[in-house]
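Down below is the structure, laid out as structure tokens.
Values below: all heavy atoms of this structure, side chains included; hydrogens, waters and symmetry mates excluded.
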Amino acid sequence: AIHGGLLLAAIALIVYCRKRRLSFLQTADILMPGVLLGQAIGRWGNYFNQELYGTPTDLPWAITIEGVKYHPAFLYESLWNFAMIFVLLKLMQRKHPYGEIFGWYWILYSICRFFLEFIRVDRVDLDLFGLVIPGSSLVSLICIIFGIVWIAVIRKTRPYIELPK
């Protein structure tokens, strides 16, 4: 569901940037660390709602729901998102074409979601020619490929910029 929301947000941003005559690529790059911060904080709502948890575990950081200990999948994603903020900010400090940070966001966030879906208890599995995979993992894989292609195209077609130090 979050990938769809992100896709619709990107479309809305394209429309907004066209109306305001702003660069979508530059604006998207600037927004990505903030989007991650919102996602990292927002995942804690899953803790309070006792949702987005993983399979049962005996790990010391497990969360207990109705007497059963589970992987805190929301925590894993939140920590990953906080780490990604620093990665994207570091990438923004080097010479890069506008739009590249947007692509890295899709790759890095989707890597987390790809693996996280395998431990979630509320996942919806798909059977692809005998290979059972969570549906959101498949969407994440598509988003990773999209991000890789996006960056390759951006690097070939856009000039590199360097932010003032």
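By the rule that hydrophobic residues join a cluster once side-chain heavy atoms approach within less than 4.5 Å of another member, L75 and I65 end up as members of one cluster. When the side chains of ILVMFWY residues are joined at heavy-atom separations under 4.5 Å, either directly or via intervening members, F114 and L7 end up in two distinct hydrophobic clusters. Following chains of ILVMFWY side-chain contacts shorter than 4.5 Å, one can reach W104 starting from F24, so the two form part of one hydrophobic cluster. Clustering ILVMFWY residues whenever any of their side-chain heavy atoms sit less than 4.5 angstrom apart, transitively, puts I14 in the very cluster that holds V35. A continuous path of Ile, Leu, Val, Met, Phe, Trp and Tyr side chains, each step under 4.5 Å between heavy atoms, connects I161 with L31, placing both in one hydrophobic cluster.
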Practice problem: Evaluate the side-chain contact (heavy atoms from CB on, under 4.5 Å) criterion for residues D122 and Y53: first the C-alpha distance (whole Å), next the side-chain angles of each, then the deciding distance (0.1 Å), finally the verdict. | Solution: CA-CA 8 Å; D122 63 342; Y53 52 89; over 6 Å; no
Self-check item: Derivation and outcome, side-chain contact (heavy atoms from CB on, under 4.5 Å), residues F82 and L37
Solution: CA-CA 7 Å; F82 279 121; L37 179 61; 3.7 Å; yes
Practice problem: For the pair I133 and D125, evaluate side-chain contact (heavy atoms from CB on, under 4.5 Å) and give the outcome as yes or no after the intermediate values. | Solution: CA-CA 5 Å; I133 183 170; D125 288 337; over 6 Å; no
Quiz item: Does the pair V15 and R18 meet the rule for a side-chain contact (heavy atoms from CB on, under 4.5 Å), with working shown?
Solution: CA-CA 5 Å; V15 171; R18 284 188 188 235; 5.9 Å; no
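In terms of modelled atom types and a separation under 3.5 Å, the side chain of S23 and the main chain of Q26 share a donor-acceptor contact. A distance-only check finds a donor-acceptor pair linking the side chain of W80 to the backbone of L108 [under 3.5 Å].
C143 is not listed as a side-chain neighbour of R113, based on a closest heavy-atom distance of 4.5 Å or more. Side chains of L91 and H96 form no contact here, defined as non-hydrogen atoms less than 4.5 Å apart. Two residues are said to be in side-chain contact when any heavy atoms from C-beta on lie closer than 4.5 Å; Y47 and P72 fail this criterion. Considering only heavy atoms from C-beta on, P56 stays 4.5 Å or farther from K69 through its side chain. In this structure, L126 and V132 have side chains that are not in contact, with every pair of non-hydrogen atoms separated by 4.5 Å or more. In this structure the side chain of R120 never reaches within 4.5 angstrom of the side chain of S136, judged on heavy atoms. Side-chain atoms of R158 and L25, non-hydrogen and from C-beta on, do get closer than 4.5 Å to each other.
When all heavy atoms of P97 and D29 are compared, the closest pair comes out as O-OD2, 4.0 Å. Here the shortest heavy-atom pairing between G147 and W106 reads CA-CB, 4.4 Å. Minimum heavy-atom separation, F102 to A28: CD1-CB, 3.6 Å. Scanning all heavy atoms of the two residues, the minimum distance from M84 to Y109 falls at SD-N, 3.4 Å. Considering every non-hydrogen atom in both Y70 and T57, the closest pair reads C-CG2, 3.6 Å. The shortest non-hydrogen separation linking G103 to I151 is C-CD1, 3.8 Å.
H71 and Y76 form a side-chain donor-acceptor contact under 3.5 Å, judged by distance and modelled atom types alone.
For R155, the salt bridge (Lys or Arg N to Asp or Glu O under 4.0 Å) partners are E100, not counting sequence neighbours. For R43, the salt bridge (Lys or Arg N to Asp or Glu O under 4.0 Å) criterion is met by E77, not counting sequence neighbours.
Atom CH2 of W150 sits in a crowded spot, with more than 12 heavy atoms from other residues, nucleotides or ligands closer than 6.0 Å. Remark: Y160 OH is packed, more than 12 non-hydrogen atoms of other residues, nucleotides or ligands lying under 6.0 Å away.
Rounding to the nearest 0.5 Å gives a distance of 4.0 Å between CZ of F118 and OG of S137. Taken from CG in L6 to CD1 in I11, the straight-line distance is 11.5 Å, to the nearest 0.5 Å. Rounding to the nearest 0.5 Å gives a distance of 9.5 Å between CG of L52 and CD1 of I2. Interatomic distance, I111 CD1 to I144 CD1, rounded to the nearest 0.5 Å: 5.0 Å. Atom CG of N46 is separated from atom CZ of F74 by 7.5 Å, given to the nearest 0.5 angstrom. The CD1 atom of I41 sits 11.0 Å away from the CG atom of L36 when rounded to the nearest 0.5 Å.
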